[in-house]
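Data first, discussion second: the structure below is written as structure tokens.
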There are 2 protein chains.
Amino acid sequence: MGTAKTDTRTRILDVAQDLIQRHGLNAMSFKDLSDAVGIRKASVHHHFATKAEMVRALLERYQVEFQQIVRKVLDSKVSGKTKLKRYCGLFLQTLEEGDQDKSCLCGMLVAELYSLDEPEAALVRKFFRSNIDSIQAILDEGAQDGSLSPGSSPDIVLAALEGGLLTARCDGGPERFSTIIRQLIKMLSA
Amino acid sequence: MGTAKTDTRTRILDVAQDLIQRHGLNAMSFKDLSDAVGIRKASVHHHFATKAEMVRALLERYQVEFQQIVRKVLDSKVSGKTKLKRYCGLFLQTLEEGDQDKSCLCGMLVAELYSLDEPEAALVRKFFRSNIDSIQAILDEGAQDGSLSPGSSPDIVLAALEGGLLTARCDGGPERFSTIIRQLIKMLSA
DNA sequence: TTTACCCTACCTATCGGAAGGCAGGTTGTC
DNA sequence: GACAACCTGCCTTCCGATAGGTAGGGTAAA
């Protein structure tokens, strides 16, 4: 359990996540990881025996981290509409990072779903479901406090965010993604 | 220019499109194609020298075919809202085909954008742009005939459709995608 | 009609390289 | 000395791609 500076295992996961968010799972190799981290390919295998095991660790970490951030949004003392804005802002932050070409980890993996084994595919599904639950909670709250119109489905919010990341990344960048979010909020407002 | 029964070249493109829509570009190999079509790997290379060349042919065909279908929707004598429903229905049709696990060709390729050379990436961008234009035309018409609320952006429609295909394919299937479409139409209605 | 030629479509065989993964040795630290 | 972290070196499999050959159809001049 060494923690000297930055855990090599953590650095591997960081690089892997970055590469998958930009290039996709099947376009990322153990060599890419070892080159980026500065160790040998076999050393990556020391930390993650198989690619599937690495993806699993990555998804579990991503789920926990993302849920923690979403939790903060949900627990804040603001209107439902403001929470929705902040929630969507989380996805915008991803696209604004680095070279402005990063998508959601699970948004990428869902495209390559058949390259995943079932345990990992289940984690992707779990990510989407817990996000649907979070969005539903926000929509319910907004309907109650009168900031959002009642009777909206959370599915379209998730679809617009995931699809928006992919399409904006290809053309238009963060500005276009912001436009999509603005339009989405407007349509869901009371 | 033989056309005996079904052109081998066409059959290769058909299989390639199906595989990419379900598994993605990087998960599809020349061997997959040759196995499915029933010829040898080298024979696939006879029709398409490189993988990039094949993707290019695929995207050009897809663009033409899709635009033809969209044109029919645009030219029909119905309200803007009905046109929007029919346009969204085109994406639903894709998901309802076969094993109900097919996404939009360009929706898959945009996730694997960095695996494409620039000429092919440009074709993906072109597909999205021409669809944005089509949606804009539908929204404008709906705003004029009073069936759709004015001032809507086409970006969110495309994002919701592309993202909806990917997420619904992972969980919920065509029913969930239909829900997304219904919600989208409702929000854009006057 | 024959002969020569070219073309398309497909084949076998093979290439160099990159992929994921494993065996086993070395180093550094508690 | 135990253990984790990392190494060299290698294996197998698969990838995209190429070389070179075969069979059959079309064409056209002698």
Side-chain angles (χ1 to χ4, degrees), chain A residues 1-20 22-59 108-109 112-121, chain B residues 1-20 22-59 108-109 112-121:
Chain A
M1 287 294 178
T3 48
K5 35 183 183 181
T6 306
D7 202 346
T8 300
R9 185 188 154 97
T10 302
R11 278 165 61 212
I12 294 173
L13 287 180
D14 289 344
V15 171
Q17 182 171 331
D18 183 85
L19 282 175
I20 294 178
R22 295 193 294 120
H23 297 259
L25 176 66
N26 288 325
M28 178 212 69
S29 70
F30 274 61
K31 184 171 186 305
D32 294 329
L33 296 178
S34 69
D35 286 348
V37 173
I39 57 176
R40 298 293 165 163
K41 199 161 58 104
S43 307
V44 180
H45 278 284
H46 169 72
H47 294 279
F48 304 100
T50 65
K51 204 172 182 179
E53 186 179 317
M54 208 214 61
V55 172
R56 200 178 323 135
L58 199 50
L59 282 169
M108 294 297 282
L109 289 180
E112 299 178 294
L113 198 67
Y114 286 159
S115 299
L116 268 46
D117 295 329
E118 193 42 50
E120 288 75 42
Chain B
M1 289 296 174
T3 48
K5 37 183 182 181
T6 306
D7 202 348
T8 300
R9 184 189 154 95
T10 302
R11 278 164 63 212
I12 294 173
L13 287 180
D14 289 344
V15 171
Q17 181 171 332
D18 183 85
L19 282 175
I20 294 178
R22 295 192 294 120
H23 292 87
L25 176 66
N26 289 324
M28 178 212 70
S29 71
F30 274 60
K31 185 173 185 305
D32 294 330
L33 296 178
S34 69
D35 285 349
V37 174
I39 56 176
R40 298 294 166 165
K41 203 161 56 110
S43 305
V44 180
H45 277 284
H46 168 71
H47 294 277
F48 304 101
T50 66
K51 204 172 182 178
E53 186 180 317
M54 207 213 61
V55 171
R56 199 177 326 133
L58 201 50
L59 282 169
M108 295 296 283
L109 289 179
E112 299 177 294
L113 198 67
Y114 286 159
S115 299
L116 267 47
D117 296 328
E118 192 42 50
E120 288 75 42

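Here the structure is a predicted model, which is why all the values come from computation and not from measurement. Below, chains carry the letters A, B, ... as their sequence lines are ordered, and counting in each starts from 1.
The separation between R11(A) atom CZ and dC6(D) atom C1' is 12 Å, rounded to whole Å. Protein atom CE of M28(A) is 17 Å distant from nucleotide atom P of dA18(C), rounded to whole Å. Note: CG (D35(A)) to P (dA18(C)) measures 11 Å, nearest angstrom. Between I39(A) atom CD1 and dT8(D) atom C1' the separation is 14 Å, expressed in whole Å. Residue K31(B) contributes atom NZ, which lies 13 Å from atom P of dT13(D) at whole-angstrom precision. The separation between L25(B) atom CG and dG16(D) atom C1' is 12 Å, rounded to whole Å. Going from atom CG of D32(B) over to atom P of dC15(D) covers 6 Å, rounded to whole Å. Atom-to-atom, CZ of F30(A) to P of dG20(C) comes out at 6 Å; the value is rounded to the nearest Å.
In this structure, the nucleotide among dC10(C), dT12(C), dG21(C) sitting nearest to the side chain of R40(B) is dT12(C).
A42(B) meets the side chain to side chain contact (heavy atoms under 4.5 Å, CB included) test with no other residue; sequence neighbours excluded. Remark: H45(B) pairs with F30(B) by the side chain to side chain contact (heavy atoms under 4.5 Å, CB included) rule, at least two apart or across chains. Evaluation of the salt bridge (charged side-chain N to carboxylate O under 4.0 Å, His left out) rule for R56(B) yields E120(B) as partners, not counting sequence neighbours. Remark: A57(A) pairs with R9(A), L13(A), F48(A) by the side chain to side chain contact (heavy atoms under 4.5 Å, CB included) rule, at least two apart or across chains.
Phosphate proximity of dA18(C) to S29(A): absent, as no side-chain N or O sits under 4.0 Å from OP1 or OP2. Phosphate contact (OP1/OP2 of dC6(D), side-chain N/O of H46(A), threshold under 4.0 Å): absent. Residue S43(B) places none of its side-chain N or O atoms closer than 4.0 Å to OP1 or OP2 of dA9(C). Checking the phosphate oxygens (OP1, OP2) of dC6(D), a side-chain nitrogen or oxygen of T8(A) falls inside 4.0 Å.
Contact detail for M28(B) and L33(B): the closest heavy-atom pair is SD-CD2, 4.0 Å. When all heavy atoms of I12(A) and H47(A) are compared, the closest pair comes out as CD1-CD2, 3.7 Å.
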Quick tally for nucleotides 22-30 of chain C: nucleotides whose base has a protein heavy atom under 4.0 Å get B, sugar-phosphate-only ones S, the rest -, giving BB-------
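Applying the side chain to side chain donor-acceptor pair (under 3.5 Å) test to residues at least two apart or on different chains, the pairs with a partner in residues 23-43 of chain A are N26(A)-E112(A), N26(A)-S115(A), S29(A)-D32(A), K31(A)-D35(A).
If you check every strand for non-hydrogen atoms under 4.0 Å, M54(A) touches nothing.
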